[in-house]
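Just below is one structure, and these are the notes that go with it.
Order of listing sets the numbers, starting from 1, for every ligand and every atom in it. All values reported here derive from a predicted model rather than from experimental measurement.
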Amino acid sequence: TRKPEGVIAVLQDITEQQRLEEMRKEFVANVSHELRTPLTSIKSYSETLLDGALDDRETAEQFLAVINTEADRMTRLIRDLLQLSRLDNQQTQWNFEKMSLVELIKNTVERMKIEVDSRRQNIECFVVSEVPEIEGDYGRLEQVAFNIIGNAVKYTPEGGNITVYVGRMRNGVYFKVADTGIGIPEENIDRIFERFYRVDKARSREMGGTGLGLSIAKEIVEAHNGTIDIKSKVGVGTEVTVRLPVSRTNL
Ligand code: ADP
């Protein structure tokens, strides 16, 4: 065998500004695409109705149901986009107060019960130690928990298990959501917090996802000086851990 005769080096010099510009363009392209998809269905179903399908009551109801679902999807998307934009522009009005993470998690788990039952899944919540109160924005942290537990429900097949732990650590508290779901391939984990990044677009859409839930969660957790981590194994399950300091300013 012959020895290699040379080495090819590829040097990339993309300045931070160029990188941000690329990201901005990609984001606009994503938003446009995400909005066009439901709009295309709304348009074609309403046209078919106007072209005569309205006369068949059963068909008409089916078509209207699709239009309604697609309009809901657009509403969710716009709501998430507005929220991200407020977070980006530092226009979010934070409401930091003393609050109990245990109470928040228990309430969120309770709110998920109907969805969980309809998918014949099990959800359990364990408080593993005495958990101190923290300084946090209850409503926004509730949204974080709702997005993460909601994902566990969405990406776990019928009959699967979801376990939520709440506990304390040095100077802080954490909650962990573990599921026995489809998991995330190793090569995708790093990108999972990016806006609109999904492992399986079709599945996410089918479950009503916008692809923005985890990026919003990350922004909110970071505004609390906390961290969010994901561990996952395909076909085994996923574990998402959120760690929050007791006080956001006094680390
Ligand atoms: P989506 O609205 O698509 O659920 P998210 O930002 O909440 O958007 O999540 C991004 C992607 O991460 C999802 O589309 C899915 O591919 C993956 N994901 C998130 N949570 C889980 C989980 N518990 N199990 C498997 N995949 C997950």
Side-chain angles (χ1 to χ4, degrees), residues 23 26-27 29-31 33-38 69-88 105 108-109 111-112 115-116 119-125 140-165 174-223 226-243:
M23 278 174 65
E26 196 183 311
F27 182 69
N30 276 328
V31 171
H33 178 77
E34 294 296 331
L35 285 171
R36 198 178 54 188
T37 312
T69 306
E70 295 300 313
D72 283 345
R73 177 192 306 287
M74 289 183 80
T75 307
R76 277 197 303 275
L77 197 62
I78 302 284
R79 186 203 56 202
D80 283 0
L81 283 169
L82 281 174
Q83 193 180 359
L84 269 175
S85 143
R86 278 194 295 268
L87 287 162
D88 283 347
I105 294 295
T108 312
V109 167
R111 273 170 65 203
M112 294 311 291
E115 181 81 19
V116 166
R119 295 172 56 76
R120 272 177 271 126
Q121 294 165 332
N122 282 310
I123 189 162
E124 274 190 294
C125 181
R140 298 229 163 68
L141 288 178
E142 196 174 32
Q143 194 188 348
V144 171
F146 193 75
N147 288 356
I148 294 171
I149 299 172
N151 279 347
V153 174
K154 285 193 288 192
Y155 302 107
T156 297
E158 292 222 344
N161 294 315
I162 295 145
T163 319
V164 187
Y165 303 90
Y174 70 88
F175 71 91
K176 176 153 79 179
V177 180
D179 65 55
T180 59
I182 58 174
I184 303 165
E186 170 119 44
E187 65 268 25
N188 298 317
I189 290 218
D190 284 347
R191 303 196 56 192
I192 222 75
F193 292 103
E194 285 175 27
R195 297 170 186 192
F196 292 120
Y197 191 82
R198 294 121 141 182
V199 177
D200 180 345
K201 275 204 177 10
R203 183 176 183 128
S204 159
R205 281 220 185 86
E206 195 187 312
M207 304 304 296
T210 59
L212 296 172
L214 282 181
S215 38
I216 291 175
K218 192 177 162 79
E219 298 275 347
I220 295 174
V221 169
E222 285 177 353
T227 59
I228 175 165
D229 293 292
I230 296 202
K231 275 194 225 154
S232 190
K233 235 190 167 103
V234 171
V236 179
T238 302
E239 217 177 76
V240 183
T241 308
V242 171
R243 298 181 176 84

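Within 4.0 Å of ligand 1, heavy atoms belong to protein residues N151, A152, K154, Y155, D179, G183, I184, I192, Y197, R198, V199, S204, G209, T210, G211, L212, G213, L214, T238.
Side-chain N or O atoms of R119 include one that pairs as donor or acceptor with a backbone N or O of T156 at under 3.5 Å. Side chain of R73 to backbone of R205: a donor-acceptor contact under 3.5 angstrom is found.
Using a cutoff of 4.0 Å between basic side-chain nitrogens and carboxylate oxygens, R86 and E219 are not scored as salt-bridged.
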Side-chain donor-acceptor pairs under 3.5 Å in residues 143-154, sequence neighbours left out?
| from | atom 1 | to | atom 2 | distance (Å) |
| --- | --- | --- | --- | --- |
| Q143 | OE1 | Q83 | NE2 | 2.9 |
| Q143 | NE2 | Q83 | OE1 | 2.9 |
| N147 | ND2 | G213 | O | 3.1 |
| N151 | OD1 | K154 | NZ | 3.4 |

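Proximity of L214 to Y197: side-chain heavy atoms (C-beta onward) are nowhere separated by under 4.5 Å.
In terms of heavy-atom proximity, T180 sits nearest to G160 at OG1-CA, 3.5 Å.
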